[in-house]
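Okay, so here's the structure we're looking at.
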There are 2 protein chains.
Amino acid sequence: MTAGNGRPATGGATPDATTGDTVAGVVRQWRAVHPDLDTAPMEIIGRVNRCAALLQQAEDAPLRRAGLSRPEFDLLGALRRTGHELTPSELARETFSSGAAVTKRLKTLTERGLVERRGDPRDRRVAHVRLTDSGRALVDGVLPEQLAYETSVLSVLAPEGQGELAGLLAELLGRLEGRLGGLRA
Amino acid sequence: MTAGNGRPATGGATPDATTGDTVAGVVRQWRAVHPDLDTAPMEIIGRVNRCAALLQQAEDAPLRRAGLSRPEFDLLGALRRTGHELTPSELARETFSSGAAVTKRLKTLTERGLVERRGDPRDRRVAHVRLTDSGRALVDGVLPEQLAYETSVLSVLAPEGQGELAGLLAELLGRLEGRLGGLRA
DNA sequence: AGCAGGTGTTTTACTCGTAAATCATAAGCA
DNA sequence: TGCTTATGATTTACGAGTAAAACACCTGCT
């Protein structure tokens with residue numbers, strides 16, 4: 001899904017006020033071409049992907065102002081919210097990224113003085129990473145702006161709608177993680 | 001999204017039945033550290049991102065069996081569902097990707113004999129791209145498998161839940177596209 | 001002790017996407 | 001016509017992520 005990632009499951013189209021969102025238009029096109037197929041999944045998966053892409057693009061703004069990419073912020077955030085040092089492998093698990101990616105990010109974050117590494121005296125293979133004071137200050141400074149921005153973006157939905165959406169997504173995600181996550185474990 | 005690419009986890013990245021999804025755990029950690037902040041947006045944005053990541057990973061399987069990446073499938077799908085030729089710029093718009101990316105994908109898809117290019121006699125800058133017979137056959141062969149797979153993945157939600165979720169996402173997406181999409185246009 | 005195999009981290013080689021520059025052509029206008 | 005500006009597409013240079021190999025170190029067995 002990468003939002004990389006994060007492209008519509010079936011492609012996109014131009015938004016049209018009379019049609020609703022772009023995904024609705026795409027689904028209509030598919031149905032016209034393949035009336036026999038059940039296109040219902042596109043209505044969820046296509047929208048999840050497209051929402052993820054749009055939200056990320058929007059969201060990135062406050063972070064960039066702070067000179068951080070989202071993956072970098074995720075890494076710093078993991079250290080901040082857990083409140084203790086983490087090893088590179090733990091960071092990889094926490095941020096759902098590969099060890100190699102973590103290594104690279106740690107390199108630049110260390111150079112920028114946002115995190116520090118400490119060797120483990122017991123096991124010299126492992127490193128312990130922690131936030132520096134300025135790294136912590138950066139996270140604490142950016143987070144409120146980030147949340148405020150997210151709140152304003154989501155305010156296009158009424159509060160009850162937001163609650164319902166969060167609930168449904170939690171249910172979906174919880175079961176996907178149990179099912180798909182379990183496959184890998 | 002503060003919860004990251006939807007990548008957070010509670011302390012291990014393993015979902016916990018008593019906790020719900022991984023995002024719930026992350027939000028709890030943030031609240032413990034910053035009790036003053038309104039973390040509600042994470043519950044939606046974090047989950048959207050994480051769902052997108054998990055669904056894409058899952059989804060990729062049927063496509064890869066056909067030797068296609070998702071962006072490639074999106075491009076072929078745009079040609080199939082519109083039913084007519086598209087220029088590279090139209091393809092870029094339809095698939096929400098850059099022109100340069102489309103150029104590269106067209107190159108490999110052309111080499112594989114899945115699409116063909118035709119010059120425009122009126123305006124020699126533009127190219128018209130269409131599916132070859134085998135390109136069309138590939139899309140038509142993969143799409144049903146893809147949809148069946150998506151249906152089975154989403155079946156972790158009850159049908160009414162799926163409908164509600166699709167509706168809420170449509171509302172959110174429609175307004176985001178109107179708001180954020182408008183900024184770029 | 002010494003070695004086999006395992007684990008944490010980093011490095012290497014590569015893919016893929018993007019932004020910006022470039023190329024080719026069109027369209028408007030003096 | 002000949003110039004200027006705009007547009008479609010491609011190329012270039014580069015950044016970021018990944019998988020797999022390499023490296024460093026630990027652990028258990030004999």
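Treat the numbers as computed from the prediction; the structure is a model and nothing was measured.
- Side-chain contact check for Glu94(B) and Thr82(B): no donor-acceptor pair (N or O, by modelled atom type) lies under 3.5 Å.
- Atom CG in Asp120(B) sits about 17 Å away from atom P in dT7(D), given to the nearest Å.
- Atom CZ in Arg105(B) sits about 13 Å away from atom P in dT10(D), given to the nearest Å.
- For the pairing with Glu72(B), the salt bridge (Lys or Arg N to Asp or Glu O under 4.0 Å) check across Lys104(B), Arg105(B), Arg112(B) returns one residue only, Arg112(B).
- Across the protein-nucleic acid pair, Arg118(A) atom CZ and dG8(C) atom P stand 17 Å apart, rounded to whole Å.
- Checking dA19(C), dT10(D), dA19(D) against every side-chain atom of Ala100(A), the shortest atom distance belongs to dA19(D).
- Taking atom CG of Leu106(B) as the reference point, atom C1' of dG17(C) lies 15 Å away to the nearest angstrom.
- In this entry the distance linking CZ of Arg124(A) with P of dC26(D) reads 5 Å, nearest Å.
- In this model, the phosphate group of dT10(D) is approached by a side-chain N or O of Arg117(B) to a distance below 4.0 Å at OP1 or OP2.
- Transitive grouping of hydrophobic side chains (ILVMFWY, heavy atoms separated by less than 4.5 Å) keeps Val126(A) and Leu75(A) in distinct clusters.
- When rounded to the nearest whole Å, the span between CZ of Arg70(B) and P of dC16(C) equals 16 Å.
- Salt-bridge annotation for Asp120(B) and Arg122(B): absent, with no side-chain N of the basic residue lying under 4.0 Å from a carboxylate O of the acidic one.
- For Lys104(B) against dT11(D), a side-chain-to-base donor-acceptor contact under 3.5 Å is absent.
- Nucleic acid contact for Thr87(B): sugar-phosphate only, since backbone atoms but no base atoms lie under 4.0 Å from a heavy atom of the residue.
- Between the CZ atom of Phe96(A) and the P atom of dT18(D) there is a distance of 13 Å, rounded to whole Å.
- If Lys107(B) and Asp123(B) are placed on DNA chain D by their nearest nucleotide, the residue sitting closer to the 5' end is Asp123(B).
- The phosphate of dA26(C) (OP1 or OP2) has no side-chain N or O of Arg122(B) nearer than 4.0 angstrom.
- Ranked by how close their nearest DNA chain D nucleotide is to the 5' end, Ser69(A) and Arg125(A) are led by Ser69(A).
- Here Ser98(A) reaches the OP1 or OP2 of dT18(D): one of its side-chain N or O atoms lies under 4.0 Å away.
- Protein atom CD of Gln56(A) is 16 Å distant from nucleotide atom P of dG17(C), rounded to whole Å.
- Side chain of Glu150(B) to main chain of Ile45(A): no donor-acceptor pair is present (N/O by atom type, distance under 3.5 Å, no hydrogens or angles).
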